[in-house]
There are 2 protein chains.
Amino acid sequence: MTREFRSYESGRTYAGNEDRAAVRRPASIKDVASAAGVSPTTVSHVLSGNRPVNELTAARVRSVVNRLGYVPASLARSLQAGSTSVIGLMIPDISNTFFAELAKGAEDAAHDLGYGVILCNTEFDADREDRYLGMIRSRFIDGMVYASGSPPSRRRLEALMGKFPIALADEEVEGLEGALIATADHEAGGRLVGEHLRALGHRRALMLTGPRALKSGVDRANGFVRAFRGEVVERVGDFKEASGHRLVAALLQEGGLDCTAVFAANDLMAFGALTALREAGLSVPRDVSVVGFDDIRAASQIHPALTTVHQPAYDVGRTATAQLLQYVTRGEVPPASRHTLPVELKVRGSTAPPAR
Amino acid sequence: MTREFRSYESGRTYAGNEDRAAVRRPASIKDVASAAGVSPTTVSHVLSGNRPVNELTAARVRSVVNRLGYVPASLARSLQAGSTSVIGLMIPDISNTFFAELAKGAEDAAHDLGYGVILCNTEFDADREDRYLGMIRSRFIDGMVYASGSPPSRRRLEALMGKFPIALADEEVEGLEGALIATADHEAGGRLVGEHLRALGHRRALMLTGPRALKSGVDRANGFVRAFRGEVVERVGDFKEASGHRLVAALLQEGGLDCTAVFAANDLMAFGALTALREAGLSVPRDVSVVGFDDIRAASQIHPALTTVHQPAYDVGRTATAQLLQYVTRGEVPPASRHTLPVELKVRGSTAPPAR
DNA sequence: CTAGATATCCAAAACGTTTTGCACAACGCC
DNA sequence: GGCGTTGTGCAAAACGTTTTGGATATCTAG
């Protein structure tokens with residue numbers, strides 16, 4: 001097999017790879033063109049409909065396309081077009097249901113506009129994050145949805161944000177203004193909890209917060225304290241179940257909780273608190289009410305079901321992505337703009353009026 | 001339009017877009033070359049280390065690279081190289097923790113070899129799946145990890161499998177031989193459950209299966225039935241929580257469960273079953289034992305904690321991807337090969353000896 | 001019968017890299 | 001002084017598209 005691609009009129013041959021017949025080079029537009037006796041230009045026009053082509057010629061081209069199983073190389077197309085129709089989604093941990101939901105929203109929004117999503121799972125690893133940021137600098141992706149509040153990257157992010165399309169989701173990176181932001185209304189969530197507990201008659205509460213560095217956690221706490229208008233004892237945890245357990249157990253040992261309600265800044269810490277209370281022989285909600293934040297799946301399945309604030313993780317991902325793409329498709333770097341999405345208080349079995 | 005890029009020293013502007021100075025074309029290798037007074041070839045060699053370059057020249061080039069903030073366009077690089085260092089991961093639902101774990105394993109394995117992962121979330125939608133399969137045909141991705149057992153795609157998949165690197169994860173597509181496969185040992189999982197329930201003294205069990213079309217579900221059922229060696233009532237569900245609830249509730253209405261144990265083919269259906277049982281006033285595990293499959297996160301967080309079979313979702317994703325990449329990096333289409341990963345029975349609070 | 005419009009298709013440039021063959025000079029060796 | 005060797009860097013081809021300015025033939029109107 002000589003593998004000659006006799007160009008449509010001149011006797012020129014496109015030198016293929018005669019030697020190794022093993023790996024069959026996929027058909028290119030040139031192959032189609034010469035097989036159909038037209039120029040690559042015409043093939044392109046037939047396929048894109050970008051310019052009219054004689055119907056007879058077009059039919060011939062299409063038949064060759066089928067016969068050869070020709071599929072345009074998207075790489076070459078992207079190179080020419082200057083964009084790839086792919087964006088990145090940077091998150092710390094896809095196995096965390098919150099981020100998985102967020103990712104689903106992002107993927108849906110991207111799919112709607114024909115974009116693909118590259119999963120950038122960082123595990124809070126700065127090197128890993130850097131590698132993924134490199135994808136945007138090398139223009140392999142058209143934009144990035146950034147939902148990973150790992151502090152060390154702020155500097156780098158800042159430098160990129162003016163040059164490339166980037167949207168912040170869920171967590172606004174402290175001190176990073178002028179960006180596209182979609183986040184849940186953490187402050188309102190805290191407020192709802194405060195109002196709920198106050199309405200039930202509670203006047204003294206324990207609040208388990210997340211690390212001070214995360215703005216979302218601070219917002220939740222602020223909203224709560226303002227609305228509760230009672231005494232609030234604050235303890236700083238790390239959003240993990242163990243820390244909720246540890247903090248509550250410690251207080252119980254030191255001579256009693258001295259509170260009628262516990263508000264944990266996320267469901268996992270609330271679970272820890274529940275365990276500690278149960279271990280101490282206290283009953284929820286009879287002796288103590290407990291409220292969480294996030295509404296992860298287990299929250300509604302434990303007993304008693306956990307009163308918590310439902311975060312619109314899916315919507316956060318979807319909104320951030322849709323907003324980002326709105327600018328990406330127009331080749332613009334997005335302006336500063338904030339979207340705060342509503343949260344919802346789910347009242348379940350873990351809260352009740354304080355024992356009198 | 002002359003399209004000259006002499007901009008660096010002469011005051012000439014970029015012919016590309018004089019009109020909108022807003023969008024500055026990123027520096028190309030030509031820009032660097034002319035600014036450093038060398039050829040693009042030399043720049044390429046300095047950056048890749050592919051051929052030796054005089055240290056003085058190299059230093060000059062590097063300095064220009066920094067000054068201009070040059071980053072090679074990965075698209076052009078990929079076009080030339082003939083591969084993108086990106087693979088696809090096709091799954092039905094990323095918000096399902098099982099697939100999220102699997103995705104994490106895939107991402108980790110890919111990252112280890114410098115590959116990126118495009119998240120292809122199908123929601124069991126054939127069109128969506130087709131679009132993503134198009135990415136491999138258009139060679140935008142170098143390979144695909146396929147973990148979405150939606151039946152309609154089998155035909156298309158079959159056609160692709162000989163031509164492109166594809167690995168099956170978790171679910172082997174029925175009748176699709178000659179592929180790279182990584183899956184959990186579903187049959188052994190079913191067997192472990194059967195042995196466990198039999199050892200506790202159960203002799204009559206209700207088994208909630210998944211759709212018959214999925215081999216994994218069939219394997220689980222077969223393993224269970226063989227090991228349990230008692231009477232098994234079988235009901236077909238669809239792996240969703242609602243179906244577990246519906247099936248059990250229906251049986252209870254029709255005049256009693258008449259079984260001392262329920263084995264659901266996945267945790268979600270087990271959750272549904274638990275709810276139905278609780279609603280009927282039955283106590284788990286006192287009146288009925290319940291076992292699930294998958295060991296999703298919520299399984300250990302509900303009360304009573306669910307006895308279930310731990311699936312190595314992470315390992316399945318990681319193994320499938322690592323195997324796939326082994327061939328992708330060598331430019332080969334992978335041969336037939338199967339990796340069956342061990343499962344583990346997690347005995348928790350939802351199982352006990354039958355009431356006497 | 002002729003000028004302009006229309007239909008049809010092609011050549012060449014452009015996207016931004018990497019790779020390969022070659023040119024040229026300087027050097028060491030016999 | 002000739003010859004292989006090494007060091008250095010360039011030109012050109014190749015990857016596979018899309019886009020744009022024409023070129024040529026055919027048609028239409030006056």
Side-chain angles (χ1 to χ4, degrees), chain A residues 5 7-10 12-17 23 25-34 36-61 65 68 70-85 137-140 331, chain B residues 1-5 14-17 25-34 36-61 65 68 70-85 137-140 142 331:
Chain A
F5 298 109
S7 129
Y8 34 96
E9 44 174 35
S10 63
R12 300 274 293 281
T13 61
Y14 293 108
N17 36 1
V23 178
R25 180 176 58 78
S28 79
I29 198 172
K30 283 185 197 166
D31 300 333
V32 174
S34 49
V38 297
S39 77
T41 308
T42 303
V43 176
S44 174
H45 287 148
V46 169
L47 263 41
S48 71
N50 240 344
R51 275 195 191 179
V53 173
N54 181 289
E55 188 42 47
L56 239 63
T57 316
R60 191 155 33 95
V61 168
V65 164
L68 266 51
Y70 168 67
V71 180
S74 43
L75 268 183
R77 209 194 279 247
S78 294
L79 179 61
Q80 150 74 27
S83 76
T84 60
S85 289
R137 306 185 68 213
S138 70
R139 284 142 288 154
F140 191 85
Chain B
M1 155 153 44
T2 43
R3 197 123 192 105
E4 292 221 31
F5 297 121
Y14 294 106
N17 35 7
R25 181 178 60 74
S28 81
I29 198 172
K30 283 187 200 166
D31 300 334
V32 175
S34 46
V38 298
S39 77
T41 307
T42 302
V43 177
S44 174
H45 287 148
V46 169
L47 262 41
S48 70
N50 241 343
R51 275 196 189 176
V53 173
N54 181 291
E55 189 42 49
L56 240 60
T57 317
R60 191 153 32 94
V61 168
V65 164
L68 266 51
Y70 167 68
V71 179
S74 42
L75 268 184
R77 207 194 280 249
S78 293
L79 178 61
Q80 150 75 27
S83 75
T84 60
S85 289
R137 306 185 67 216
S138 70
R139 285 144 285 154
F140 190 86
D142 292 348

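When reading the values below, keep in mind they use all heavy atoms of this one structure, side chains included, and skip hydrogens, waters and symmetry mates. Just so it is clear, the model here is predicted, and its values are computed rather than measured. Each chain gets a letter, A, B and so on, in the order the sequences are listed, and its residues count up from 1.
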- prompt: Which atoms form the tightest heavy-atom contact between B/R60 and B/V38, and what is the distance?
  reply: NH1-CG1, 4.2 Å
- prompt: Of all residues at least two apart in sequence or in a different chain, which pass the side-chain hydrogen bond (donor to acceptor under 3.5 Å, both in side chains) check with B/T57?
  reply: none
- prompt: Roughly how far apart are B/S74 OG and B/L79 CG, rounded to 0.5 Å?
  reply: 11.5 Å
field: CZ/A/R137: more than 12 non-hydrogen atoms of other groups inside 6.0 Å
entry: no
- request: Would you please name every residue forming a ring-ring contact (aromatic ring centres under 6.0 Å, His included) with B/Y70, sequence neighbours left out?
  value: none
query: Which whole-number value in Å describes the distance from A/L47 CG to D/dT19 C1'?
result: 15 Å
task: Can you tell me the distance, in whole Å, between the CG atom of B/L79 and the P atom of D/dC15?
output: 9 Å
message: By nearest atom, which of the nucleotides C/dT17, C/dG16, D/dC10 is closest to the B/T41 side chain?
response: D/dC10
- line: When rounded to whole Å, the CG to C1' distance for the pair A/L56 and C/dT8 reads 12 Å
message: Tell me the interatomic distance from A/K30, atom NZ, to D/dT18, atom C1', rounded to whole angstroms.
response: 14 Å
message: Test of understanding: with side-chain hydrogen bond (donor to acceptor under 3.5 Å, both in side chains), list the residues that count as partners of B/S83, not counting sequence neighbours.
response: none
task: Rounded off to whole Å, could you give me the CZ-to-P distance for the B/R77 and D/dG16 pair?
output: 18 Å
query: Under the side chain to side chain contact (heavy atoms under 4.5 Å, CB included) criterion, do B/T41 and B/H45 qualify, and how do the steps go?
result: CA-CA 6 Å; B/T41 307; B/H45 287 148; 3.4 Å; yes
field: Nearest-angstrom distance from the residue atom CD of A/Q80 to C1' of C/dC15
entry: 6 Å
message: Strictly below 4.0 Å: does B/N50 bring a side-chain N or O up to OP1 or OP2 of C/dT18?
response: no
statement: Atom CG of B/L75 and atom P of C/dA14 are separated, to the nearest Å, by 19 Å
message: Can you tell me which nucleotide in C/dT17, D/dT19, D/dG16 comes closest to the side chain of A/A73?
response: D/dG16
field: Side-chain heavy atoms of B/S44 within contact of B/I29, under 4.5 Å
entry: yes
message: So if I take the C1' atoms of five pairs at each end of the helix from C/dC1-D/dG30 to C/dC30-D/dG1 and get each local axis, what angle do the two axes make, rounded to 10 degrees?
response: 50°
Heteroatom pairs (N/O) under 3.5 angstrom, protein to nucleotides 4-9 of chain D:
{"from": "D/dT8", "atom 1": "OP1", "to": "B/N54", "atom 2": "ND2", "distance (Å)": "3.1"}
{"from": "D/dG9", "atom 1": "OP1", "to": "B/T57", "atom 2": "OG1", "distance (Å)": "2.5"}
{"from": "D/dG9", "atom 1": "OP2", "to": "B/N54", "atom 2": "N", "distance (Å)": "3.0"}
{"from": "D/dG9", "atom 1": "OP2", "to": "B/T57", "atom 2": "OG1", "distance (Å)": "3.4"}
{"from": "D/dG9", "atom 1": "O6", "to": "B/R51", "atom 2": "NH1", "distance (Å)": "3.2"}

- prompt: Which pairs with one or both residues in residues 37-46 of chain A pass salt bridge (Lys or Arg N to Asp or Glu O under 4.0 Å), sequence neighbours excluded?
  reply: none
- request: Take the protein atom CG of A/D31 and the nucleotide atom P of D/dT17, then report the distance between them rounded to whole Å.
  value: 9 Å
task: Could you tell me whether A/S28 contacts a base, only the sugar-phosphate backbone, or nothing, with contacts defined as non-hydrogen atoms closer than 4.0 Å?
output: sugar-phosphate
